[in-house]
There are 2 protein chains.
Amino acid sequence: MNREANRPAARSAAPTFSPLYRQIKDFLIASLEQGEWGPGDAIPSEGELAQRFNVSQGTVRKAIDEMAAENLLVRRQGKGTFVSTHSDPRSFYRFLRLLPDDGVAVQSVSNPFLCETVPASPEVAGVLGLQPADPVIHVKRLLSFSGQTVVFDQIYLLAELFSGLTLEALRAGERSLYSLFESDFGVRMINAEEHLRAVAADAESAGHLGVAVGAPLLLVERTAYTYGNKPVEWRRGLYCTEKHYYRNDLG
Amino acid sequence: MNREANRPAARSAAPTFSPLYRQIKDFLIASLEQGEWGPGDAIPSEGELAQRFNVSQGTVRKAIDEMAAENLLVRRQGKGTFVSTHSDPRSFYRFLRLLPDDGVAVQSVSNPFLCETVPASPEVAGVLGLQPADPVIHVKRLLSFSGQTVVFDQIYLLAELFSGLTLEALRAGERSLYSLFESDFGVRMINAEEHLRAVAADAESAGHLGVAVGAPLLLVERTAYTYGNKPVEWRRGLYCTEKHYYRNDLG
DNA sequence: AAGTGGTCTAGACCACCGT
DNA sequence: CGGTGGTCTAGACCACTTG
C-alpha cells in the first residue's frame, strides 16, 4: 500500500487522513463490489493479503475485523474468511423480524402473484433516486408462517438492475428473495432501513390477510441498499400482528 | 492476570477457554457493575491497566474495544476512555426510535401523571423474573413532540431497585428517565428488546392521544436489562403514528 | 511538553480445520 | 500434518487534547 503517498497527506490541509487498514478495507470492498470474489467464496488469507499490500498481518486483520463486524465477511477459524451470502443462514443477517407469539421461528413461505414493470410513482422515485416515471419492477407477494398468511408485500426494484425478473423466477425454488437477487442478478443487499407505523387495513390488504377492513395492521416500509449506500429496493409491507410480533433489539 | 492458571484450563475438559482480553473485559465489567467508576468518569489509561494486569497494552486495548462496541465505554482520543452515561447524548445510545415525518428529531417532553407501587400482574412478573404479586412500581406518562402528545407509556419497575421513586422526582428536571435511574438509583440500562404490534386504541389510550377509539396504534412492549442481562423494567407504550414513525436500521 | 488513545510492525505461539 | 484464523507481546511512532 502507498505508505508514503498517504502519510504526508495527513499533515497537509484538506485531504482527510486515512489509515492503512482503512485503505485496505476500501480496496477489499471495491473488490467485492466488482465481484472479484463471489458470495460464499473464500478471500485470500490474511498472510497473503499482508504480502500483497506490503503491510503486517495485524493491519490486514483490522481491516477484515471491521468488515466482519459489518457483516460483509465471515471469519471461520481454521478455514478462512468468506464473503457473506444470503443463501447461507449462518452467514448473512436476515431482514425479516417477524416472529410468532408462541414457539420459535418457523420458515416463512413466499407466494408472489404479480411482477410487472411500471413507471415509478413520485414517492418510489424519490426514495430510489429516480426520475418520476422511470421504470421500476413492481412485485406483490404474500408471506405465510405455518400456513397462515401474515404479510402482504409490495416491492419496487430498480428495473435497470433487475431486468428480466419474472413471476416464474420468483416462484421457483425455496430461496429467499435476497438470495435470488444475489445469485441471479449480482445485487447484494447489505443494509436496510425500516419505517414502522400502525395503519387501518384497506380492502385489498384485508382481503389478502383475512382481516376486517379497518383492522389495525403494522405498516413496514423498507429501503434496502447495496454497496455505496445505493438504494435498490423499496417495499411496503403490511403485517398482521394478531399472532406475530416484530422484534427489535436495542443497543 | 493469571496467565498460568488459565492456559492449562484450555487443555482440560470442561472449562471453556477464555482468552486474556476476555478476562480483563469481564473484570472491567464487574468493576463497572460495582460502581468502581461512575457514569461519565474516566477509567484508567490503557497503559496503566496493562501494568496493573501485567499484560501488553494491545491486550487491554482489545478488551476495551469490545466494550466500546457494546456501548459500555466511550473512547476519546487524547483524553481517555469514559464510562457511558445516559446523561450525555453523544455517549449513550437513545432508546426512543420515534421520529416526526417531516423534519429532524425534536426533544421529547415527558409528562408522568401516576407513580404507585402495586403487585405485579402475572404477565409483568413473568417478564421481570418475579413471583406474581411481588411489588413493582407502576408509572404512567405521556410523551410529547413539539407540543403534540404522541406516546402513552405504562412502565413497570422492580420495586426493590427503585424504592423511593416518586411522581415529584419524575417530574423534576429535564433529564430522561434512564438518566434519572442511573444517577438517582445507580441502575444503568444497557440493553433492551422491543416487541411491536399494531392494535386498536382502547378508551384510555384514545383519550390520552386524542384519537378515536379503535384507531390503529403502534404497541411497543419493551424489556430493559441492566448488567448481567437482568431485566429491571418492562413498559407498554402506545404510539400514535399519524405524523411520526418508528425507525429501525437493519444490518 | 506530557499524557492519552490510534496505528503499525515483526514475530511468537495457540486453536481449529482439513487431509 | 500444513494452513487458517485467534491471541499476545514489546516497542515504535502518529494524532489529539490539555496545560
Side-chain angles (χ1 to χ4, degrees), chain A residues 1-13 15-26 28 37 41-69 73-84 90-91, chain B residues 1-13 15-26 28 37 41-69 73-84 90-91:
Chain A
M1 223 74 193
N2 60 337
R3 262 178 193 65
E4 317 311 337
N6 173 48
R7 306 303 178 83
R11 289 179 211 121
S12 76
T16 51
F17 169 71
S18 173
L20 266 183
Y21 74 85
R22 178 154 274 295
Q23 296 178 42
I24 292 168
K25 180 182 172 184
D26 290 344
L28 292 175
W37 310 292
D41 289 355
I43 71 170
S45 73
E46 296 179 354
E48 188 182 331
L49 289 171
Q51 281 192 326
R52 187 179 303 183
F53 294 129
N54 264 292
V55 300
S56 81
Q57 182 172 340
T59 300
V60 170
R61 209 171 158 65
K62 177 138 186 171
I64 293 179
D65 276 346
E66 286 198 359
M67 294 176 69
L73 298 175
V74 176
R75 322 189 72 138
R76 291 189 220 153
Q77 181 170 147
K79 298 182 70 176
T81 302
F82 300 82
V83 180
S84 301
R90 70 179 158 172
S91 127
Chain B
M1 221 76 192
N2 60 337
R3 265 177 191 64
E4 318 311 338
N6 173 49
R7 306 305 179 81
R11 289 180 213 122
S12 77
T16 52
F17 170 71
S18 172
L20 265 183
Y21 75 85
R22 177 152 271 296
Q23 296 178 42
I24 291 168
K25 180 182 171 184
D26 290 344
L28 291 175
W37 311 292
D41 289 355
I43 70 170
S45 73
E46 296 180 354
E48 188 182 331
L49 289 171
Q51 281 193 327
R52 187 180 303 182
F53 294 129
N54 263 292
V55 300
S56 81
Q57 181 172 340
T59 300
V60 169
R61 209 171 158 65
K62 177 138 186 173
I64 293 179
D65 276 346
E66 286 199 359
M67 294 175 68
L73 299 175
V74 175
R75 322 188 72 137
R76 291 191 218 150
Q77 181 171 147
K79 299 181 70 175
T81 302
F82 300 81
V83 180
S84 301
R90 70 179 157 171
S91 125

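Owing to the predicted nature of the structure, the values given are computational and were not obtained by experimental measurement. To find a chain, count down the sequence lines: A is the first, B the second, and so on, and within it residues start at 1.
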**Q** Measure CD1/Ile64(A) against P/dT7(C) and give the value in whole Å, please.
**A** 16 Å
**Q** From CG of Leu20(B) over to P of dA15(C), roughly how many Å is that when rounded to an integer?
**A** 12 Å
**Q** Heavy atoms from C-beta onward define the side chain here; which of dC8(D), dC8(C), dG5(C) lies closest to that of Thr81(B)?
**A** dG5(C)
**Q** What's the CZ-C1' distance between Phe53(A) and dT7(C), to the nearest Å?
**A** 17 Å
**Q** Can Leu49(B) and Ile24(B) be said to form a side-chain contact (heavy atoms from CB on, under 4.5 Å), step by step?
**A** CA-CA 9 Å; Leu49(B) 289 171; Ile24(B) 291 168; over 6 Å; no
**Q** Glu48(A) CD to dG2(D) C1': how many Å, rounded?
**A** 16 Å
**Q** For Arg22(A) and dA15(D), give me the distance from atom CZ to atom P, rounded to whole Å.
**A** 17 Å
**Q** How far does CD of Gln51(B) sit from CD of Gln57(B), to the nearest 0.5 angstrom?
**A** 10.5 Å
**Q** Rounding to a whole Å, what distance do you find between Lys25(A):NZ and dC8(C):P?
**A** 13 Å
**Q** Distance from Asp65(A) atom CG to Thr81(A) atom OG1, nearest 0.5 Å?
**A** 9.0 Å
**Q** Considering just the side-chain nitrogens and oxygens of Lys62(A), establish if one lies under 4.0 Å of OP1 or OP2 belonging to dC8(C).
**A** no
**Q** Remember a base hit wins even if backbone is also touched, and classify Arg61(B) as base, sugar-phosphate or nothing at under 4.0 Å, heavy atoms.
**A** base
**Q** Reckon Lys79(A) has a side-chain N or O less than 4.0 Å from the OP1 or OP2 of dG18(C)?
**A** yes
**Q** Which nucleotide in the list dC8(C), dT9(D), dT17(D) gets nearest to the side chain of Thr59(A)?
**A** dC8(C)
**Q** Distance check, rounded to the nearest 0.5 Å: Phe82(B) atom CZ versus Arg76(B) atom CZ?
**A** 5.0 Å
**Q** Would you indicate, yes or no, if dG3(C) has its OP1 or OP2 atom less than 4.0 angstrom from a side-chain nitrogen or oxygen of Ser45(B)?
**A** no
**Q** From dG5(D), dA15(D), dA10(C), pick the nucleotide closest to the side chain of Gln77(A)?
**A** dG5(D)
**Q** Distance check, rounded to the nearest 0.5 Å: Ile43(A) atom CD1 versus Ile64(A) atom CD1?
**A** 4.0 Å
**Q** The side chain of Ser56(B) is closest to which nucleotide in this list: dT9(C), dA10(D), dT7(D)?
**A** dA10(D)
**Q** Taking for each residue the nucleotide of DNA chain C bearing the nearest heavy atom, is the 5' side occupied by Val60(A) or by Gly78(B)?
**A** Gly78(B)
**Q** Grab the CD-C1' distance between Gln57(B) and dC14(D) for me, whole Å please.
**A** 13 Å
**Q** Grab the CG-P distance between Leu49(A) and dC8(C) for me, whole Å please.
**A** 15 Å
